[in-house]
There are 2 protein chains.
Amino acid sequence: MPNRRNLATEPPREDLAARLLEEAEALVRRDGPDGVALRELARACGSSTMAIYTLYGGKPGLMQALYAIGFARLHAYALAVEERAAPLRWMVRQMLAYRRFALDHTGMYRLMFGGEKRFSPTGRHSQFVSLAVPVEDAYPAFAALVDAVGTCLTHHRGAAPDPAEVQDLAFLVWGQMHGLVGLEIAGYADAADALGRYESAVRFICTNLGAAAADVDAELAAAG
Amino acid sequence: MPNRRNLATEPPREDLAARLLEEAEALVRRDGPDGVALRELARACGSSTMAIYTLYGGKPGLMQALYAIGFARLHAYALAVEERAAPLRWMVRQMLAYRRFALDHTGMYRLMFGGEKRFSPTGRHSQFVSLAVPVEDAYPAFAALVDAVGTCLTHHRGAAPDPAEVQDLAFLVWGQMHGLVGLEIAGYADAADALGRYESAVRFICTNLGAAAADVDAELAAAG
DNA sequence: AGCGTTTCCATAACAGCGTTATTGAGTCGA
DNA sequence: TCGACTCAATAACGCTGTTATGGAAACGCT
């Protein structure tokens, strides 16, 4: 890495790259993925648009960096509810945390899963992937979901299940979560109904994982 | 409705409004929802952008009309597989038809469910809704799904279920379909795995609706 | 028939967008 | 100290959606 010092002239512009990203995240939060305008972003940071080009190579590179941040945020939500000692609680809370993330970061969620563009959450900025993203790379938190599903299944069956089965099941769970959350975000459900329906899905899935309905309800009540 | 005659000068420009919509749908198919540029659209139709403003009131109005067309297309997919005499077959094929529509009309699907903007599929163009869209309005084909779920449940239980329960269950099914399809479109699943996982969901749901796993597999095989 | 009125759309302009070529200021290594 | 290099500001290009202007065609009326 050659000399990459900050120029740091009179205006104490500390780490412009981080500040740009920070402000861009705020714009995504406010106006969605399409609401990020380089000129407005640069203006908000007191710089010119060229800075974005030298730092991120252009708008796609910036969005790629934002995208990675989004996955980091989602991962944090998943890690926060990890509870290996109580598999069912872990499972329930992780599903709730997924929805919470999507509602807390609607713009980011749409950027990540809207399917408009395909980024690589693991790659550095300004790298793009042309093919389908492997699940583990794309959604690091997916590993946590697989983990929770596997643990839950092991706990209720008394024996370790087939890893491939766990993986497939976790993907179905992810599909259920993403679907309900996506419909809610897109406006196809009243805010009042949405939570109840999501909890129904949690019940539905957890009982199919072997848990007792009453236990699931108890976890839902405790978490809510 | 006052005099709304077609000017129809030398160039036999029959029904410019329909032709604009047709071409716009082609653009959505080619480049996605964001790929619709008024200038290119007008050029393709041999008109100017002003025509779009007089006919649709602007780009939002045009997208609104496109949006309604998308729901009509989806509705057609759902109607094509209606089979009241064989509830399980109906259910299975409707779920497969949903995915088929999404894969056949990826751009349109993203326009409808991408959550970028909220249109009213029933309203005329240039009308927008600010609040959440009631499910029945938003997704006319949802009624068909509710119908199929209800018929399937009645068939396997021998008694008519509670309508509210059917409605909620159908919404979960919709969520599962939308989630898996959305992840597939966004690139979070290999094309090879995607179908298998979707069929797993069909199995999962239909058996939970009371069908025998073998029967579901038979329907899947017959439909595939 | 003739004359407003109205409808429809082409032309041209405006502000904003992402992007790029140019250029200058500031920092590093020799 | 001096050349090489990095970083970013300025200005321009082509694109976008949108709007003001204006003109041509058809209608309603007398």
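Numbers restart at 1 for each chain; the letters A, B, ... are given by sequence-line order, proteins then strands.
- With rounding to whole Å, A/I52 atom CD1 is found 14 Å from C/dT20 atom C1'.
- What separates CG of B/L41 from P of C/dA10 is a distance of 12 Å, to the nearest Å.
- Partners of B/Y53 under the side chain to side chain donor-acceptor pair (under 3.5 Å) rule, at least two apart in sequence or in another chain, do not exist in this structure.
- Partners of A/N208 under the side chain to side chain donor-acceptor pair (under 3.5 Å) rule, at least two apart in sequence or in another chain, are B/N208.
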Distances for protein N/O vs nucleotides 16-20 of chain D N/O pairs under 3.5 angstrom?
from, atom 1, to, atom 2, distance (Å)
D/dG17, OP1, B/V36, O, 3.1
D/dG17, OP1, B/L38, N, 3.2
D/dG17, OP1, B/K59, NZ, 2.9
D/dG17, OP2, B/L38, N, 2.8
D/dG17, N7, B/R39, NH1, 2.7
D/dG17, O6, B/R39, NH2, 3.0
D/dT18, OP2, B/Y53, OH, 2.9
D/dT18, OP2, B/K59, N, 3.0
D/dT18, O5', B/Y53, OH, 3.0

Please table the atom pairs, donor to acceptor, closer than 3.5 Å between any side-chain atom in residues 37-44 of chain A and protein atoms at least two apart or in another chain.
from, atom 1, to, atom 2, distance (Å)
A/E40, OE2, A/R30, NH2, 2.7

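- Side-chain contact check for B/F171 versus B/F142: some heavy-atom pair is nearer than 4.5 Å.
- Taking side-chain N and O atoms only, B/T54 has a distance below 4.0 Å to OP1 or OP2 of C/dC9.
- In this view, B/Y198 satisfies the ring pair (Phe, Tyr, Trp, His ring centres under 6.0 Å) rule with no residue, not counting sequence neighbours.
- Not counting sequence neighbours, the partners of B/E25 by the side chain to side chain donor-acceptor pair (under 3.5 Å) test are B/R73.
- Atom OH in A/Y56 sits about 16 Å away from atom P in C/dG18, given to the nearest Å.
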